[in-house]
Amino acid sequence: MGIPLIQKLRISRYIYRQKATGRSRFPMVLMLEPLYRCNLACAGCGKICWPEEVLDRRLSVAECLSAAEECGAPVVSIAGGESLIHADLPQIVAGLTVRKKFVYLCTNGILLKKKLAAYRPSPYLTFSIHLDGFRELHDRIVGKDGVFDTAVRAMQLLKNRGFRFTVNCTIFNGVSAVQAGEFFDFIMHLGAEGITVSPGYDYPGAPQKGIFLKRPESKQIFREVFRLGRRRKWRFNHSRFFIDFLSGNRIYDCAPWSTVTRNIFGWQRPCYLFADSYAASFRALMEETAWEHYGPGKNPQCEHCMLHSGFEGTAVMDMMTHPVQALAGYLKPLG
Ligand code: SF4
């Protein structure tokens, strides 16, 4: 798997400490969305459809750092919008890494060449480059020619300058296992530390419908892809049990509190993927959310969701409860 050992150990220590204090619900990841503004209008994302006054709003450096301290999660994924548009992003990243948060800075790569000088390589900073497939597919999904090539150049630049980087990839309807496998080979060849992968979530505001996979289709394609991966050296930014879940070999409930979201509206309920409401504080989010109303079979918006933001937390907890099974899992072939 593609997560460095030091990061795994720090996260494991954090989880043991949470459990030792008797907490059953706690976040492992903070999804920080300091702005919704983007320089693309991707087919699978509805953020750019917000009105201009919303797209002009930003979380301040102080709001971002206080969100990280309030929730305590060891991993902070900075999403958006296009995060590099935020003028104060270097200060936000520096403030988080100095607090020893493992930061994933999500970007489409377009502004990276222009902005990279404001960042320094660090074991706490990983650039997460959005790439959904080869040139034709990716440029179609993001609605703009040339973005694939720009993203690839961005990764080469990161590699040359000694930065950590991963690829964040969504699998949409119509992609075959062979195509996905060849794409994963390509990402590894570029030198990415790992691949974050998930089936596309059917966002209510997404400009294009019909590109999203239903749950049985997701399991089918992931099982086929991971079987192909038995003879390849792919590194995923996921736990082994989550990979098994994607393949349909494990059944998990969603743990939306394991990845909490702070954005320009507040603390988003219930999860990163959709908003029923917003809490004014992290504490209110954890204590006043009716968590039992969310997850497949409980809420129509959750029906086909298999995203890491809901299920990776459950997989990690399962691995920590069953360490022998977890070790055996890593020795078993994928798929
Ligand atoms: S199942 Fe998916 S959409 Fe539903 S609460 Fe969990 S993460 Fe969110």
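Computed over heavy atoms, backbone and side chain alike; hydrogens, waters and symmetry mates excluded.
With a 6.0 Å radius and a threshold of 12 heavy atoms from other residues, nucleotides or ligands, Lys113 has its NZ atom at or below the threshold. Counting non-hydrogen atoms of other residues, nucleotides and ligands closer than 6.0 Å to NZ of Lys144 gives a total of 12 or fewer. In Ile251, the CD1 atom is not crowded: 12 or fewer heavy atoms of neighbouring residues, nucleotides or ligands sit closer than 6.0 Å. More than 12 heavy-atom neighbours from other residues, nucleotides or ligands sit within 6.0 angstrom of NZ on Lys298. Within 6.0 Å of the CZ atom in Arg161, the count of heavy atoms belonging to other residues, nucleotides or ligands does not exceed 12. Around CG of Asp56, the count of heavy atoms belonging to other residues, nucleotides or ligands within 6.0 Å exceeds 12. Applying the 6.0 Å contact sphere to CZ of Arg232 captures more than 12 heavy atoms from other residues, nucleotides or ligands.
The backbone N or O of Arg58 lies less than 3.5 Å from no partner atom in the side chain of His86, so there is not a single donor-acceptor pair. When atom types are taken as modelled, the side chain of Thr97 and the backbone of Ala94 share a donor-acceptor pair closer than 3.5 angstrom. Proximity of a side-chain donor or acceptor of Glu82 to a complementary backbone N or O of Ile85 within less than 3.5 Å is not detected. When atom types are taken as modelled, the side chain of Gln91 and the backbone of Val61 share no donor-acceptor pair closer than 3.5 angstrom. Side chain of Arg215 to backbone of Cys305: a donor-acceptor contact under 3.5 angstrom is found.
In summary, Glu33 and Lys47 engage in a salt bridge, as defined by a charged side-chain N under 4.0 Å from a carboxylate O. Using a 4.0 Å cut-off between charged nitrogen and carboxylate oxygen, Lys219 and Glu224 do not count as a salt-bridge pair. Between Arg153 and Asp149 there is no salt bridge, since none of the side-chain N atoms of the basic residue sits less than 4.0 Å from a carboxylate O of the acidic one.
Interatomic distance, Arg269 CZ to Tyr294 OH, rounded to the nearest 0.5 Å: 8.0 Å. Within the model, atoms CD of Glu292 and CG of Asp253 stand 12.5 Å from one another, a figure rounded to the nearest 0.5 Å. Distance check: Thr196 OG1 to Ile129 CD1 gives 11.5 Å after rounding to the nearest 0.5 Å. The line from NE2 of His308 to CG of Leu246 is 9.0 Å long, rounded to the nearest 0.5 Å. Here Ser258 contributes atom OG and Ile15 contributes atom CD1; the two are 9.5 Å apart, rounded to the nearest 0.5 Å.
Linking Ile, Leu, Val, Met, Phe, Trp and Tyr whenever their side-chain heavy atoms come within less than 4.5 Å puts Ile187 and Val178 in one cluster. With hydrophobic clusters built from ILVMFWY side chains whose heavy atoms lie under 4.5 angstrom apart, Ile92 shares a cluster with Phe265. With hydrophobic clusters built from ILVMFWY side chains whose heavy atoms lie under 4.5 angstrom apart, Leu116 does not share a cluster with Val147. Under the 4.5 Å side-chain heavy-atom criterion for ILVMFWY residues, a single connected hydrophobic cluster contains both Ile243 and Leu213. A continuous path of hydrophobic side-chain contacts links Leu112 to Met155 [ILVMFWY only; heavy atoms under 4.5 Å].
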Apply side chain to side chain contact (heavy atoms under 4.5 Å, CB included) to the pair Leu96 and Ile78, showing each step before the final yes or no.
CA-CA 11 Å; Leu96 291 170; Ile78 306 178; 4.0 Å; yes
Please walk me through it: do Asn249 and Arg223 pass side chain to side chain contact (heavy atoms under 4.5 Å, CB included)?
CA-CA 9 Å; Asn249 295 333; Arg223 185 171 302 174; 3.6 Å; yes
Derivation of the salt bridge (charged side-chain N to carboxylate O under 4.0 Å, His left out) call for Glu69 and Arg99
CA-CA 9 Å; Glu69 286 184 353; Arg99 287 164 173 77; 2.6 Å; yes
Is there a salt bridge (charged side-chain N to carboxylate O under 4.0 Å, His left out) between Glu53 and Arg57 once you walk through the steps?
CA-CA 7 Å; Glu53 61 268 25; Arg57 286 174 63 181; over 6 Å; no
Is there a side chain to side chain contact (heavy atoms under 4.5 Å, CB included) between Tyr252 and Phe242 once you walk through the steps?
CA-CA 9 Å; Tyr252 285 136; Phe242 179 72; 6.0 Å; no
Could you go through Met306 and Phe245, starting from their C-alpha distance and side-chain angles, then the distance that decides it, and tell me whether this counts as side chain to side chain contact (heavy atoms under 4.5 Å, CB included)?
CA-CA 8 Å; Met306 293 186 79; Phe245 165 75; 3.9 Å; yes
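Annotation: cation-pi geometry not satisfied between Arg250 and Phe222 (NZ/CZ under 6.0 angstrom from ring centroid, within 45° of ring axis).
In this structure, Tyr124 has its ring center under 6.0 Å from that of Phe102. Taking the six-membered ring for Trp, Phe134 and Phe183 have ring centres closer than 6.0 Å. Taking the six-membered ring where the residue is Trp, the centroids of Phe184 and Phe236 are separated by under 6.0 Å.
Counting only heavy atoms from C-beta outward, the side chains of Arg164 and Tyr104 approach each other to under 4.5 Å. A heavy-atom distance below 4.5 Å is found between the side chains of Val93 and Leu105.
Minimum heavy-atom separation, Ala192 to Met188: O-CE, 3.8 Å. Closest of all the heavy-atom pairs between Ser247 and Phe226 is OG-CD1, 3.1 Å. What you find for Ile171 and Ala180 is that their closest heavy atoms are CD1-CB, 4.1 Å. Minimum heavy-atom separation, Gly162 to Pro121: O-CB, 3.3 Å. Between Pro34 and Ile264, the shortest heavy-atom contact is O-CG2, 3.9 Å. When every heavy atom of Ile11 is checked against every heavy atom of Pro74, the shortest pair comes out as CG1-CG, 4.1 Å.
Checked by atom type, the side-chain pair Asn263/Tyr278 shows no donor-acceptor distance below 3.5 Å. Looking at Asp185 and His189, their side chains never bring a donor and an acceptor atom within 3.5 Å of each other. No side-chain donor from either of Thr259 and Glu312 sits under 3.5 Å from a side-chain acceptor of the other.
Between Tyr36 and Trp50, the two ring planes are tilted [angle within 30° to 60°]. In this structure, Phe148 and Phe186 have parallel ring planes: the angle between them is below the 30° cut-off, well short of the 60° mark.
When each of Trp291, Trp267, Tyr272, Phe282 is tested with Trp257 by the rule ring pair (Phe, Tyr, Trp, His ring centres under 6.0 Å), just one qualifies, namely Trp291.
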